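Because the structure is predicted, anything quoted here is derived from the model rather than measured. Just so we're on the same page: letters track the sequence lines, and every chain starts at 1.
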Amino acid sequence: MNVVTRHRRLDAIWASERGFRGWFSTVNHTDLGRMFLVTSFFFFIIGGILAMLIRAQLATPDSAFAGPDIYNQIFTMHGTIMMFLFAIPAFEGLAIYLLPKILGTRDLAFPRLTAYGYWCYVFGGSMLLVAMLLGIAPDSGWFMYTPLSNAIYSPGINTDFWLIGITFVEISAIAAAAEICVSILKFRAPGMTLAKMPIFAWYALVTALMILTGFPPLILGSILLEVERAFGFPFFQVELGGDSLLWQHLFWLFGHPEVYIIFLPAAGIVSTVLPVMCRTTLIGYGWIVAAIVALAFLSFGLWVHHMFTTGIPHMGLAFFSAASTLVAVPTAVQLFAWIGTMWKGRPELHLPMLHIMGFFATFVIGGLTGVMVAMVPFNWQVHDTAFITAHLHYVLFGGFVFPVFAGIYYWLPHVSGRKRFFRLGEFAFWLIFVGFHVTFFAMHWVGLLGQRRRIDTYTPEDGWTLINLISSVGSFVLSIGIAMVLLDVILHVLSSRKIRRNPWQAGTLDWAMMTPPPSYNFASLPHVDSRHPLADNPALPVRLAQGHGYLGTPRADWRETLMVDAATGRPEAHVIYPANTRLPILMSAVTGIFFLGLLLKTYWMVPIGMVGVAGLALRWVWMLGRRDDLGAQHVGQGVILPHASATDRSPGWWGSLFLMFANATLFGCLLFGFAFLWTVAPGWPPLVRFEPSFIELGVGVAAALGTALALRVAMAAVRNARATLPALGIALTGAVVFGACCAVMLWRAPPPVDHAYAATLFVLGSYGLFHAVLIVLMTGHLIARVWQGYTSPARRSEFAVVSLWGDYVAVIGSLVLLVGHLSGLSL
Amino acid sequence: MAPRGVILATTLLALNGCDGATSTLQTAGPAARVIADLWWAMLVGAVLIFMLVMALVVLAFVRRSPDVAADERGQVRVWIIALGLAFPMVVLAVLLGFGLVIGERLLPRDDVTVVQVSAQGQRWVWTFSYADAPGRVTEDILHIPAGQPVDVSITTADVIHSFWVPRLAGKLDAIPGRSNVLRIEADAPGDYQGLSAEFSGENYADFGFTVRAHDAAGWADFIAGETE
Amino acid sequence: MKDLVRILIAPLVWLAAFSAVYGLHGVICGFAVDGTVFGLSLARVLLVTAYVLAILVQVVLLWALYQDRFSSASVFVNFVGRASGWVGVIAAVWTMLPAVLTTYCG
Ligand code: HEM
Ligand SMILES: [Cu+2]
Ligand SMILES: [Cu+2]
C-alpha cells in the first residue's frame, strides 16, 4: 500500500462528518481540542470585556457607570468566567488536542467522553451567559460565601445559576481529567516508558489528578448549598447547627489547588517550548517531575491561607503559613531549571519566547507577593484589598495567559499548517506586557492604601483616584494588545504560506506528522526509545507515513490503536474506538434537562433527566459489545495482541478507577464535613438523633459486601466460561437489599430541615442509595449482555468493571451505614 | 525602614494629595507598625530577588563564554540544588520565622490590662458596646482610650463582615455564630477610619465606621456618659 | 501502577499527616482540651507527639524507598520516588513545626 492510499483509507475511517454537521457528531480529539480552545477563548473575550467594564467603573471616583447591583454581577461573572469557563477549558482543549500527538498515538482513551465533556461545557457555560444577558447573573463574588449567597440574603435565582451552571461545567472537567489520566498512562506509543514521556505529559497527568481531587470538594459544596437554598437543609446556617466556615473550607479546598491546576499546564508549555527556543534540552527532567509532584501535594495543604482572617487559632494559621512558603520551593526549582536551560542552549527571541519572557517577569513578581501574603500578619492587613487583586492577576495572567500565548504562537503552525504572515504579534506582545503592568502594578499600592476589592465606587477623599485612573488606562492598552493577538491569529489562518515540516526543529512527536494534522494523526504508530524521538531520527515522519510502525495497515472500518503497560510502555492490548456519533451531544442535552429542572425548580423535569441519562448511558456501553470473539490481532512489528475486551484491565476499568478516585474524594469531603460540623460548629450535639438499629446496619453491610463478593464470583465464572447468571442474580439482590437499608435510614432519620446533623445524614443516605441504584443498573446490564450472547472469556472486560464498582460500593456502603447508625448512639 | 520605599511612598501620597486615612503604611498603632515594618523588609528582599532572577535571564542572552557547568550534573548542581532548592529554602525559613514571631506578638493575650469592647456588624451598620460602660451603645463610631490595648470582640447579626482599621491593625472577620477577638491600640488621640472588609452586597462600598481614640480625660468622660 | 505509587506515596502520607495534625489541633481547641502531663500541657504533648510521629513515618518511608526490595526496575522511577521521599520528610518537618513553636488556641 503506498502512502497516499494509506492516507485515503485511514482518513475515510477516522474523519469526522463534513461541514458543520460534523461538529455535532465528531469524537475526534483534534476537532474537539480545537473546539474547546475556540470556545474557551470566546469566554476569555467575554471575561475580558467584563474586566474592561470593571476598570471603566473604577477609573474615576463616585462613578455612576453601573450601580452596585449590576457591578456586583460584573465582577462575579468576570472571576467566574475566567476561572471556570476560560482557564480550565483552555487547558482541557490544549491537552485534548496535543496529548495523543505528543504521546505518539491516535486518539484519547474515550473519544465519546471527550465530546460529552465538551457539550456539557458549552451547555453549562450558556446557562451562565443567559443569566448575564437577562441581568440575573450571580452577584456574591466568585467564591460565593454563605450566608451572603444563601436564600435569605440572595433570594433571587442568580446564585442558583452559579451553583448549577458551574457544577454542569465541572462534569466536563472531571470527564476530561479521567480521560487524560488513562490516556497518558495507557495510550502511549509503544516503548515510551515513564522516563521517556515528554515533560508536558507529566504536567498534564499531575494536573488531571489534581482536578480529580480538587473539584469534588466544590461539587459537594455546590450540591449542599443548592440543597440548602432549595429545600432549607441547614448545612451552613449557624442557628440550626450548620456553619458558614464549612463552605469556606470546601471552597478553598478546591480553590487553592485550582490555582495550581491553572498554573501547571502553563508551566508544562514553558517546559516544552523553552528548550526548543534555546536549541537544547531541558535540564533536570527527573527533578522537574519530582517538583511537579511535590507542588501538587503541597498545594492541597494550603487552603486555609485564604481564611487567615476568620479567627482560626494561630497555630492552625501557622501550619498553613509554613506550607504556603514551602510551596514556593518546587516552583523555584522549575524556574531555575528553565533559566539554566537558557544558559545551556542558545536562546532565540522568537515570538513564543517573548511571551515566555513576559511570563518570567510577571510570574516571579506574583510569586514574591504570594510569599508575602503567606505571612499571617501581613495577610491580616492586605486580605480582601486591591493588593490581593494585583497578586492574583500577576499569578494568573502572568502564570497562565503569557504561557498560553507562547503556546498558541508555538503550535499555531501545527494547527493550521501555515506561516505567520504579518508581524502584528511582536507589537501586540509589548502592548500586553506594558498594559498589564501598568494596570496591576500600582494596584498593589492602592491596596496598601486601603482600597478594598469588590467596591463599586470610592470618593475623591480616599486618595486613590490617580492610581485607579492609571490602572484603567493600562487595562485599555492591555485589551488592545489582546485584540491584536486575536486579529493576528485570524489573519494567520487566512494567510496562505504553507510551512515546511517541523518549523521549530522540535524533538517531540507532535511534529512528526503532516500539518495540519490528519484525522488519524499517525499512519502507523512509532516505537519510541528516547525522550526526543524526532530529534534522534528526522526521517521518522516519513517512515511512519510509509507504514513502518505499528498498525500500519488499515483494516475494515476499525479505528485501531494500542494500549500499553503504564510503566514500561510495552504493548498490551488492541483497542478499537467507537466512531462518530451524536450520542454525546444528546446525552449532555439530557443532562442539561436534569440541571435545568433544578435551576427553574420545575422538579418534574429532574427524574426525566435522570432516567434519560441512565438510559443513554446504558445505550452508550451497549454499543461497544460484539457477539463474536475477535481473537488476537497482528498489530505490526511481529506483535500479536488480544483485544482489550479479553482482558480484566480494559480502558473502561481504568476510566472507572479514576472516576472512582474523584468520587471517593467527594465522599471523603462529605465525611470531613460531618466531622467538621460535629467538632467545630456551634449548636452541636443535636437534640434529636437518629435511632440506630443494629439489624439494619448488619443486614445492609452484609448485603453490600455480598454484592461485591458475588460480582467477583461472576468475574471468575465468565473467565472460565462457566455460568454467570446465578452470581449476577445474587449481586442484584444484594444491591437491592443494600439500597433498601439506605432508604430505611433516610426514612427513619429526623427531618433534615431541623438540624445540620439530620441534613448531613440525609445526604449520606442518598449517596448510598444512589450507588445501590448504580450497581443495580450495572448488574442488570451484565445480565442483559449474558442473555443476548454478548459475553465469553474473550469478551469479559465489563465484568471486571462492574466488579470494581461493586468493591467501591462495598466500602462506601459500609461506611455510610456505619457512620449513620453509630452517629445515633449517645455516649 | 527602607528609605527608597519611603520616598516612593511619600511621592505617591503627595501626588494624590491625600492624608492616607486608610493607609496601612501611615501607621498609628503598634500592630500596624510591626506589619508595615515587615512589609518594607519583604519589599526590599523581593526587589533584590527579582533583580537577581532577571539578571540571570538577561545574562543568558548576552553571555558569550561557555556555560558555567558544561555537563548535566554540574548544571543540576548549580541551577537546581543551589539556586532552586537551597537558596529559596534559606530565605523562606528566615521569613517564616519572622512571620510567626510577629504573629505571636499580635495575639490578644491577657498579660496586660486591656479595655474590652464589642463590635457587631449588620448590613450596613456597626454597633459598638463597652464592658466599662454597660448599656452604652454607639453606632458606626467606636470609642477607645489612646495608648492602651483594646480587645474588640467581633460578631455579626447577618452575613460575614470584617472589622478593619488599617492604620491601627490588621482585620478580623465577623462570622455567624462566633465571636473573634482582635487587639487594637492607637498611639495618640484622634479619629481613625475603619472599614468593613468582607463583601456584603449592595452597600458594601460605603460600609465603614470611625474609631475615636480619647486621651485619658476624654475616655473617663466617655465612660461616665458625658460625651456622645 | 506500582511505579506511580512509589512516586506518590511519600507526599500523600505527608498530606494525610498534615490534615490529621490540623484536625487534632481543631479537636483540641474545639473541645478545649486542658490538663497536664509531666508538667507540660496535655494539648502541647499531643501535638508534639503527633509531629514527631509524622516525621518518623516519613523517615521510615524514605528508608524503604532506598531499599532494593521496594525499588522499581526503572532508574528514573527510583530517582523520582526517592526525591519525593525527601519532599515528604522536609515537608513534615517544615509544615508542622508550628506544633512546637506557636500558641495553640489563641
Ligand atoms: C484581561 C485582563 C484582566 C483585567 C483587566 C482584569 C481586571 C480585574 C479587576 C479590576 C478585578 C477586581 C475587581 C475588584 O474586586 O475590585 C478582577 C477580579 C478578578 N479577576 Fe481579573 N482581570 C483580567 C484577567 C483575568 C484573568 C485572565 C483571570 C483568571 C484566569 C482573572 C481572574 C479574576 C478573579 C478570580 C477575580 C476576582 C473576582 C471576585 O472578586 O469575585 N482575571 N479582575
Ligand atoms: Cu491559595
Ligand atoms: Cu496566591
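- Most heavy-atom pairs under 4.5 Å with chain C: of the set A:Ala294, A:Ala290, A:Gly301, this distinction falls to A:Gly301.
- For A:Ser324, the side-chain hydrogen bond (donor to acceptor under 3.5 Å, both in side chains) partners are A:His305, not counting sequence neighbours.
- Ring planes of A:Trp684 and A:Phe674: perpendicular class, angle over 60° (limits at 30 and 60°).
- In this structure, A:Phe672 and A:Phe676 have tilted ring planes: the angle between them lies in the 30° to 60° band.
- Shown are A:Trp303, A:Phe320, A:Phe300; of these, the ring pair (Phe, Tyr, Trp, His ring centres under 6.0 Å) with C:Phe18 is made only by A:Phe320.
- For A:Arg649, there are no side-chain hydrogen bond (donor to acceptor under 3.5 Å, both in side chains) partners at least two apart in sequence or on another chain.
- Contact of A:Leu657 with chain C is made through the side chain alone, with heavy-atom distances under 4.5 Å.
- Counting heavy-atom pairs closer than 4.5 Å to chain A, the top residue among C:Leu47, C:Thr95, C:Leu101, C:Val21 is C:Thr95.
- When each of A:Ala291, A:Ala322, A:Ala296 is checked for heavy-atom pairs under 4.5 Å with chain C, A:Ala322 comes out on top.
- Proximity to chain C is absent for every atom of A:Leu317, based on heavy atoms less than 4.5 angstrom apart.
- Residues A:Trp678 and A:Ser823 have side chains that never bring a donor and an acceptor to within less than 3.5 angstrom of each other.
- Among the residues in residues 80-89 of chain C, those with a non-hydrogen atom closer than 4.5 angstrom to a non-hydrogen atom of chain A are C:Val80, C:Ala83, C:Val87.
- Of all residues spanning residues 55-75 of chain C, none has a heavy atom less than 4.5 Å away from chain A's heavy atoms.
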Test log, rule side-chain contact (heavy atoms from CB on, under 4.5 Å), inputs A:Tyr203 and A:Ile199: CA-CA 7 Å; A:Tyr203 280 99; A:Ile199 192 77; 3.6 Å; yes

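- By the 30° and 60° cut-offs, the orientation of the rings of A:His306 relative to A:Trp252 is parallel.
- Residue contact with chain C, scored on non-hydrogen atoms closer than 4.5 Å, is absent for A:Val329.
- Using a 3.5 Å distance cut-off with no hydrogens or angles, the side chains of C:Tyr104 and C:Ser41 do pair a donor with an acceptor.
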**Request:** Could you walk me through whether A:Phe297 and C:Trp14 pass ring pair (Phe, Tyr, Trp, His ring centres under 6.0 Å), step by step?
**Result:** CA-CA 8 Å; A:Phe297 279 98; C:Trp14 164 78; 7.9 Å; no

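- Chain A forms more heavy-atom pairs under 4.5 Å with one residue of C:Ile90, C:Val77, C:Leu12, C:Asp3 than with any other, namely C:Leu12.
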